[in-house]
Amino acid sequence: MMTASNDLCKILLSEEALDARVKELAAKITDDYREKLDGKPLLVIGMLKGSFIFMSDLVRHIDLHCEIDFMIASSYGNGTESSGVITIKQDVKDVEGQHVLLVEDIVDSGYTMKCVLEMLKKRNPASLALCSLLDKPSRRQMPVDIDYCGFEIPDEFVVGYGLDYASRYRNLPYIGVLKPEMYS
Ligand code: IMP
Ligand code: MG
């Protein structure tokens with residue numbers, strides 16, 4: 001059957017689970033920044049492409065003045081492994097003096113977020129925090145502090161809700177695990 005959902009062996013996070021957690025994260029972010037912003041907007045930077053669905057749901061539940069921007073970073077590697085060599089393919093405008101919330105789909109080895117966070121920090125933002133929908137702590141090579149984490153997940157390659165395998169499956173409305181035969 002040529003449907004996307006048919007390629008999954010299980011659903012790890014349902015639409016309902018994602019929706020509930022995204023609202024919780026947004027409420028916490030709204031709470032934490034309400035007093036802190038001091039008249040400035042919160043600059044929410046989404047890492048493309050993986051964060052596009054998470055970010056669009058998240059910001060609609062953050063009740064603060066926000067500015068939205070995007071970055072593209074790529075780590076060269078094969079299908080499911082990061083190489084640790086990160087290239088910035090699209091950068092953001094100046095972040096100096098801004099309260100920055102970086103939004104990522106998943107922290108796996110940690111190489112991508114370590115690199116991007118260090119790069120942004122050097123540009124002197126007023127504050128810098130990371131919100132990642134997923135965390136796979138068992139895969140970490142580089143320590144990364146996730147200020148707002150949606151879910152810790154086991155060491156399984158997941159797709160959907162923005163996350164891809166070979167550029168596909170981003171449009172699935174939930175997060176699931178591909179059938180092993182889909183990797184070959
Ligand atoms: P890193 O290994 O922490 O640098 O993660 C780099 C990128 O790999 C993430 O931003 C994701 O786009 C991608 N990635 C890591 N694990 C998964 C997964 O299970 N499914 C889909 N993409 C993943
Ligand atoms: Mg990514």
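All figures in this text were calculated on a predicted structure; none of them were measured in a lab. Indexing begins at 1, ligand by ligand and atom by atom, following the structure's order.
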- Sorted by chain and number, sequence neighbours left out, salt bridge (charged side-chain N to carboxylate O under 4.0 Å, His left out) with R168 holds for none

- With a 4.0 Å cut-off, would you call K28 and E24 a salt bridge? no

- For E104, counting its heavy atoms only, list the atoms of ligand 1 lying under 4.0 Å from any of them. 10 (O)

- Query: Using a distance-only test with no angle check, is there a side-chain donor-acceptor pair under 3.5 angstrom linking Y165 and D7?
  - Reply: no

- Message: With a 4.5 Å cut-off on side-chain heavy atoms, are V100 and V92 touching?
- Response: no

- Item | Atoms of ligand 1, numbered as shown, that sit under 4.0 Å from any heavy atom of S109 | 1 (P), 2 (O), 3 (O), 4 (O)

- Message: With a cutoff of 4.0 Å, is V159 in contact with ligand 1, counting heavy atoms of the residue only?
- Response: no

- Item | Atoms of ligand 1 close to D105 [distance to a heavy atom under 4.0 angstrom, numbered from 1] | 9 (C), 10 (O), 11 (C), 12 (O)

- Compute the minimum heavy-atom distance from G110 to ligand 1 and say whether it is under 4.0 Å. yes

- Query: For K114, is the nearest heavy atom under 4.0 Å from an atom of ligand 1?
  - Reply: no

- Quick one: which ligand 1 atoms are inside 4.0 Å of a heavy atom on T112? 1 (P), 4 (O), 5 (O), 6 (C)

- Partners passing side-chain hydrogen bond (donor to acceptor under 3.5 Å, both in side chains) against Y33 (at least two apart in sequence or in another chain): none

- Would you call D135-R140 a salt bridge at under 4.0 Å N-O? yes

- Query: Do ligand 1 and V158 have nitrogen or oxygen atoms that lie under 3.5 Å from each other?
  - Reply: yes

- Task: Tell me, please: is D164 in heavy-atom contact with ligand 1, that is, under 4.0 Å?
- Result: yes

